[in-house]
Amino acid sequence: MESRLERLRALREEARLGGGVERIAQQHRRGKLTARERLALLIDPGSFQELGALARHSMSDFGLAEERYPGDGVVTGFGKIHGRRVAVFAQDFTVLGGSFSEVQAQKITRLQDLALESGIPVIGLNDSGGARIQEGVRSLAAYGEVFLRNVLSSGVIPQISVILGPCAGGAVYSPALTDFVIMARDTGSMFLTGPEVIRAVTGRAVTAWELGGAEAHHRRSGVAHLVAPDERAALEQVKLLLSYLPQNNTEDPPQLAPFDPPDRMEPALDTLVPEDERVAYDMQRVIDLIVDEGSFLAIQPEYAPNAIVGFARLEGYAVGVVANQPAVLAGALDIDSSDKIARFVRICDAYNLPVVTLVDTPGYLPGVEQEHGGVIRHGAKIIYAYAGATVPKIAVVVRKAIGGAYVAMSSKQMRCDLNFAWPTAQIAVMGAEGAARILWRDELRRAEDPAAREQEFIAAYRERFFNPYHAADLGQIDEIIEPHETRPRLIRALEILRTKVQANPPRKHGLIPL
Ligand code: HXC
């Protein structure tokens, strides 16, 4: 018996070391932690239950059959984060560069299946050179197995991908299919085709960092939802993000003990929106003053910054916040912000988070590039997402809510439950300049001083329509509230809606304009 136990212990020790002591030192020299070090930082101490530690690769080609790679480049198991169960896999770069193999897929898919059946979030720590080249097509099929489960789990259990090293080739598609991608700025990179292939095919020289570093995916591609300065911070972001999410789509997100008074009035809001409508202000400040202090977690903050989306708490309850940012592009909606908003609303709807929308947008961004880029199709996603969402929805029109953007941004017709407006709101079918030119075209043509006359018309139009009272008359706004009372009004509204039940017509699935 003793010798059997000794053999098990020896195998376990071998598994613990992955690619071996030298490879671990190499990983550290690359400025990266090992898979097990990462798990130790992520998972509550003592809670990790490993599965498949002794799984061995199935390669028979390229003379590797006799070599042992315990764990085969990935550590998988279940553990707890702040006492809540999670399934987690961490790719081990010390074993053949964390490359993705048939056995690695078996381990990950086993975890995905168990997590889906038990309603537990899955977290993947990625650090891999992509498909294991020695395994050829087998590793492609293996990716397919993981992708399938990513899709079947989508909207059922939260899936979070953390990019802590390279994530190359087809490896990018599993993270892309998950709900959130978090990148470590100093070590993470993602690209479908690397710099060498790009140079060979297109002649363009680009570094790996420029191509697929955190900056590229945070600011330009929108692939990364959160970026952390380093690995440790990225793992902390996983914990923070999870605190806003339920375990699965049948549960509510956890409520934290409220610490910020629910009846807190905020006089600063009364003067925050400038009198002159051409003067911008920072919508982030509005959000920060309304939600539980310090509770806002921005998602994709650097991507399409003309829209703000993120999680926050009101009286300890998690909510999704969507807002236009008038400080960027005057808060106009464009292709990228449409995608950003629509995806976020659908995440909230999938995971039972009420959506609070703060509106200040002059409309969809005019422009040939926008039209040819498909702003019609992309902009429609916002409508689709809001109209289809059955979670509680509350909107506050802070300033401009003009034209199609008014309808899209959680209007009553999008089944928004409660629509508030500040007295500064301007709810109108189109901007004053355009409207004046169309309505009074003949008069302007005949006018002695057309420019002066136009200004008079614009002022008259503004006076008549640029307020919230017309919309309130028509019942499209439920209540005009004073800015300082926004927090208590939202909290009371959410309390009313907490037991909301709403259903959509039965169907296989809708056809969101992708
Ligand atoms: C097998 C791999 C590997 C891979 C790396 N290694 N990638 N082994 N298959 N895909 C091995 C290396 O040979 C090396 O082994 C060890 O891992 C560490 O790699 P290094 O190159 O020394 O590390 P580093 O300098 O940090 O560079 C990391 C890297 C680079 C950027 C990831 O290794 C690289 O470019 N790898 C190939 C990436 C790639 O083209 N992947 C696409 C595969 S095709 P030794 O023993 O020498 O130390 C694909 C399609 C899938 O993914 C489609 C699915 C739908």
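Since this is a predicted model, take the numbers as computed values, not measurements. First listed ligand is number 1; within each ligand, the first listed atom is number 1.
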Looking only at distance, does Tyr143 have an N or O less than 3.5 Å from an N or O of ligand 1? no

For the residue pair Tyr244 and Phe311, categorise the inter-ring angle as parallel (less than 30°), tilted (30 to 60°) or perpendicular (more than 60°). parallel

Output yes when Asp72 and Lys107 qualify as a salt bridge under the 4.0 Å nitrogen-oxygen rule, no when they do not. no

Salt-bridge contact Glu196-Arg199 (side-chain N to carboxylate O under 4.0 Å): no

Ligand 1-proximal atoms of Phe93, by part, heavy-atom distance under 4.0 Å: side chain

Which of the numbered atoms in ligand 1 are under 4.0 angstrom from any heavy atom belonging to Pro166? 32 (C)

Any non-hydrogen protein atom less than 4.0 Å away from atom 13 (O) of ligand 1: no

Which of the numbered atoms in ligand 1 are below 4.0 angstrom from a heavy atom of Arg132? 9 (N)

Decide, yes or no, whether a salt bridge links Arg149 with Glu145 under the criterion of side-chain N to carboxylate O below 4.0 Å. yes

Name the option, out of Ser189, Gly19, Ala131, that contains the heavy atom nearest to atom 52 (O) of ligand 1. Ala131

Is there any N or O on Ile133 that sits under 3.5 Å from an N or O of ligand 1? yes

Between Arg23 and ligand 1, is there a nitrogen or oxygen pair with a distance under 3.5 Å? yes

Quick one: do Glu50 and Arg36 make a salt bridge, cutoff under 4.0 Å? yes

Going by heavy-atom distance to atom 41 (N) of ligand 1, choose the closest among Gly130, Ala208, Gly129. Gly129

If you define the side chain from C-beta out and look only at heavy atoms, does anything of Gln112 sit under 4.5 Å from Thr109? yes

Is ligand 1 less than 4.0 angstrom away from at least one heavy atom of Gln26? no

Ion pair present between Arg232 and Glu37, side-chain N to carboxylate O less than 4.0 angstrom? no

Is there a protein heavy atom at a distance of less than 4.0 Å from atom 33 (O) of ligand 1? no

Looking at Arg9 and Glu6, does any basic side-chain N land under 4.0 Å from a carboxylate oxygen? no

Is ligand 1 less than 4.0 angstrom away from at least one heavy atom of Tyr173? no

Do any N or O atoms from the side chain of Asn150 and from the backbone of Pro175 form a donor-acceptor pair under 3.5 angstrom? no

My question is simple, although I want it checked carefully: is atom 25 (O) of ligand 1 less than 4.0 angstrom from any protein heavy atom? yes

Sub-4.0 Å atoms of ligand 1 with respect to non-hydrogen atoms of Gln134: 1 (C), 9 (N)

